[in-house]
Amino acid sequence: MGENGVFAAIVAGDTFKYYSEGEWRVSSSGKSVPIINPTTRKTQFEVQACTQEEVNKPIAECLVKEIAKPAKDAATEIVRSGDLVAYCAEEGVRILGEGKFLMSDSFPGNERTKYCLTSKIPLGVVLAIPPFNYPVNLAVSKIAPALIAGNSLVLKPPTQGAVSALHMVHCFHLAGFPKGVISCVTGKGSEIGDFLTMHPIVNCISFTGGDTGIAISKKVSMIPLQMELGGKDACIILEDADLELAASNIVKGGFSYSGQRCTAVKVVLVMESVADILVKKVNEKVGKLTVGPPENDCDITPVVTESSANFIEGLVMDAKKKGATFCQEYKREGNLIWPLLLDNVKQDMRIAWEEPFGPVLPIIRISNVEEGIHHCNASNFGLQGCIFTKDINKAMLISDAMETGTVQINSAPARGPDHFPFQGLKDSGIGSQGVTNSINMMTKIKSTVINLPTPSYTMG
Ligand SMILES: NC(=O)C1=CN([C@@H]2O[C@H](COP(=O)(O)OP(=O)(O)OC[C@H]3O[C@@H](n4cnc5c(N)ncnc54)[C@H](OP(=O)(O)O)[C@@H]3O)[C@@H](O)[C@H]2O)C=CC1
Ligand SMILES: O=C(O)[C@H](O)COP(=O)(O)O
């Protein structure tokens, strides 16, 4: 079985290596897969039995390098994307296999002369535009429902994240997707965006990102839009809350991927009577966050661009000038900003309203819950929110009063699991995502009506 000369590098002992990042490698699984010669029915070759981690790593490493996502989170994004595709394939079969049969005499005044058959048909071409923070997962969450519903798809990946997305597209290519079903065009959104979004062959746009989505909505013609835009997710803490649980969720919700998630906790509204204890607990946890390069799997990594870092710094300096309490010293090196909790934030500070998309979290102290609800509802955003209390009755009342697409009770905001509906009110979006909603949104209803000359029940 041995290979000689130029091919020696691709074999380890009797087993062929696998190829990743320009190198021939041996799997950490220590296992191999036999390839049986159909003629002799004996093992002819052995190849590496790669682990799931090794399969994911080529894409995941791009995420680390391109968007500074911590290594563990990058691998999670890839696994999550694979799971989403698998679930979508099943859900598509369920949803698209369904139709409806309606009879005219079930509506007042009609006879049984019409049989209506309805089914779902594809829209045509779906344009998918994901943002930098989930260039793979938020691409797949658009690609999978579009394809299972029978559409073809054009992906315009975020510039920062494009290489990760290209690797993901290659997986679809390797899986044998027919030519032309998926296209992936790269380039700056500011340069090719209008051409794509206003292109006459595009029948639907699924977009995730910032205010750009609002501009697109105003420009495009009469096609279905799915827009997931910014958020200023509020976290309301009542007096009876489990403060340890709340503190853990505030840190996880506010600082994971350095706050660069639309669903990040972006303002904490805490009852004054428990504010000191909560702030102490949150500070202890913030102190344990590691700061540094994504390759080292640090919790806080450089934010995506220098202009993002400058924007975040602008919010911090505005809060400083207007008297916010700094729980940590503000520290920045290049794009790396150390996690910062700002206490006693007031309504006139920009950070009370704007989303930093960075590791900086404001705390507003409130004297009653209505104040918290009012702050949440006064925002132009309405993505998610969360409430911490042990009183489920109160939580339900507050949830109903909050003008956000989702309210989490006793947990930080989050999009997943990916089959849950995900939607924003007001400037946070149009339509609803989640596997089922996306499949439905990317199809049209088609009816065929059979007309009988005489009512069917008159015979016999
Ligand atoms: N609701 C949600 O799920 C999310 C919301 N966000 C929001 O987005 C903000 C910033 O994220 P970011 O990714 O920079 O958002 P952007 O809106 O700037 O970019 C999102 C996507 O749109 C593309 N794009 C840019 N200009 C145009 C255009 N004129 N026409 C069509 N496409 C265009 C970008 O491409 P290119 O990279 O080439 O510019 C990118 O692929 C955050 O502050 C947050 O508010 C972000 C992530 C998720
Ligand atoms: O774009 C985003 O930031 C997301 O849609 C949030 O997803 P997550 O809650 O799973 O991080």
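Counting starts at 1 for both ligands and their atoms, in listed order. Side chains included, hydrogens not; waters and symmetry mates left out as well; all remaining heavy atoms used. Note that the coordinates shown come from a computational prediction; the quantities given were computed from them, not determined experimentally.
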- Message: What protein heavy atom lies closest to atom 3 (O) of ligand 2? Include the residue and the distance to one decimal.
- Response: C262 N, 2.6 Å
- Message: Using heavy atoms and a 4.0 Å limit, tell me yes or no: is G187 in contact with ligand 1?
- Response: yes
- Does the salt bridge (Lys or Arg N to Asp or Glu O under 4.0 Å) test come out yes or no for K280 and E284, once each step is laid out? CA-CA 6 Å; K280 186 166 176 281; E284 279 165 11; 3.4 Å; yes
- The atoms of ligand 1 lying under 4.0 Å from a heavy atom of I216, numbered in the order shown, are 30 (N), 31 (C)
- Query: Any side-chain heavy atom of H375 within less than 4.5 Å of one from W353?
  - Reply: yes
- Query: Is the backbone of K266 close enough, under 3.5 Å, to the side chain of K232 for a donor and an acceptor to pair up by distance?
  - Reply: yes
- Task: Kindly confirm or rule out an N or O of T159 lying under 3.5 angstrom from an N or O of ligand 1.
- Result: yes
- Query: Can you find a heavy atom in the side chain of Q433 that is under 4.5 Å from one in the side chain of S141?
  - Reply: yes
- Note on the structure: Nearest non-hydrogen protein atom to atom 22 (O) of ligand 1, with distance, is F207 CE1, 3.2 Å
- Message: Can you confirm whether more than 12 heavy atoms, excluding those of E295, are under 6.0 Å from its CD atom?
- Response: yes
- Verify, without hydrogens or angle tests, whether D233 (side chain) and G385 (backbone) share a donor-acceptor contact under 3.5 angstrom. no
- Message: Any heavy atom of S190 closer to ligand 1 than 4.0 angstrom?
- Response: yes
- Message: A cation-pi test, strictly: NZ or CZ of K69 under 6.0 Å from the centre of the six-membered ring of F132 and no more than 45 degrees from its axis. Yes or no?
- Response: no
- For atom 12 (P) of ligand 1, what is the nearest protein heavy atom, given as residue, atom name and distance? F132 CD2, 3.9 Å
- Task: Could you list the atoms of ligand 1 found under 4.0 angstrom from a heavy atom of G210?
- Result: 7 (C), 8 (O), 9 (C), 15 (O), 16 (P), 17 (O)
- Item | Note: R80-E77 ion pair, threshold 4.0 Å (strictly below) | no
- Would you say the side chains of T263 and Q384 form a donor-acceptor pair under 3.5 Å? no
- Item | Pair H173-H170, ring pair (Phe, Tyr, Trp, His ring centres under 6.0 Å): steps then yes or no | CA-CA 5 Å; H173 174 74; H170 192 56; 5.4 Å; yes
- Message: Please list the nearest protein heavy atom to atom 9 (O) of ligand 2 with its residue and the distance rounded to 0.1 Å.
- Response: T263 OG1, 2.6 Å
- For atom 44 (C) of ligand 1, the protein heavy atom that lies nearest, with its residue and separation: E355 OE2, 3.1 Å
- Please work out which of T212, L127, D194, T186 has its closest non-hydrogen atom nearest to atom 26 (N) of ligand 1. T212
- Polar-atom distance check: R261 versus ligand 2, any N or O pair below 3.5 Å? yes
- Item | Nearest heavy atoms of P421 and S432, plus distance in Å | CB-OG, 3.8 Å
- May I ask you to check whether T208 and K142 show a side-chain donor-acceptor distance below 3.5 Å? yes
- Which residue owns the protein heavy atom closest to atom 1 (O) of ligand 2, what's the atom, and how far is it? L138 CD1, 3.1 Å
- Query: Which of these, P130, G161, P131, A139, has its nearest heavy atom closest to atom 41 (O) of ligand 1?
  - Reply: P130
- Starting from atom 5 (O) of ligand 2, locate the nearest protein heavy atom and write down its residue, its atom name and how far away it is, to 0.1 Å. R415 NE, 2.7 Å
- Ligand-residue contact atoms, ligand 1 with N133, heavy atoms, under 4.0 Å: 47 (C), 48 (C)
- Item | Donor-acceptor side-chain pairing of N283 and Q328 below 3.5 angstrom | yes
- Query: For atom 4 (C) of ligand 1, what's the nearest protein heavy atom and its distance?
  - Reply: C262 CB, 3.1 Å
- Query: Do R365 and D276 meet the salt-bridge criterion of a basic N to acidic O distance under 4.0 Å?
  - Reply: yes
- Task: Could you check atom 5 (C) of ligand 1 against the protein and tell me its nearest heavy-atom contact, residue, atom and distance included?
- Result: G209 O, 3.1 Å
- Task: Pick one of side chain, backbone, both or neither for how Y134 approaches ligand 2, counting any non-hydrogen atom pair under 4.0 Å.
- Result: side chain
- For the residue pair F357 and V303, establish whether any side-chain heavy-atom pair is separated by less than 4.5 Å. no
- Query: What's the shortest distance from atom 20 (C) of ligand 1 to any protein heavy atom, and which residue and atom give it?
  - Reply: T208 O, 3.7 Å
- Query: For ligand 1, which atoms sit closer than 4.0 Å to a heavy atom of L229?
  - Reply: 1 (N), 2 (C), 4 (C), 5 (C)
- Item | Shortest protein heavy-atom distance from atom 10 (O) of ligand 2, along with the residue and atom involved | R80 NH1, 2.8 Å
- Just which atoms of ligand 1 are under 4.0 Å from any heavy atom in K188? 38 (O)
- With only distance considered, is Q160 within less than 3.5 Å of ligand 1 through an N or O on each side? no
- Note on the structure: When N137, D418, T76 are each screened for side chain to side chain donor-acceptor pair (under 3.5 Å) with S81, the one that passes is N137
- Query: Going by heavy atoms, is F422 under 4.0 Å from ligand 2?
  - Reply: yes
- Task: Could you list the atoms of ligand 2 found under 4.0 angstrom from a heavy atom of A414?
- Result: 9 (O)
- Nearest to atom 46 (C) of ligand 1, what protein heavy atom do you find, and at what distance? F357 CZ, 3.4 Å
- Which residue holds the protein heavy atom closest to atom 25 (C) of ligand 1, what is that atom called, and what is the gap in Å? G189 CA, 3.6 Å
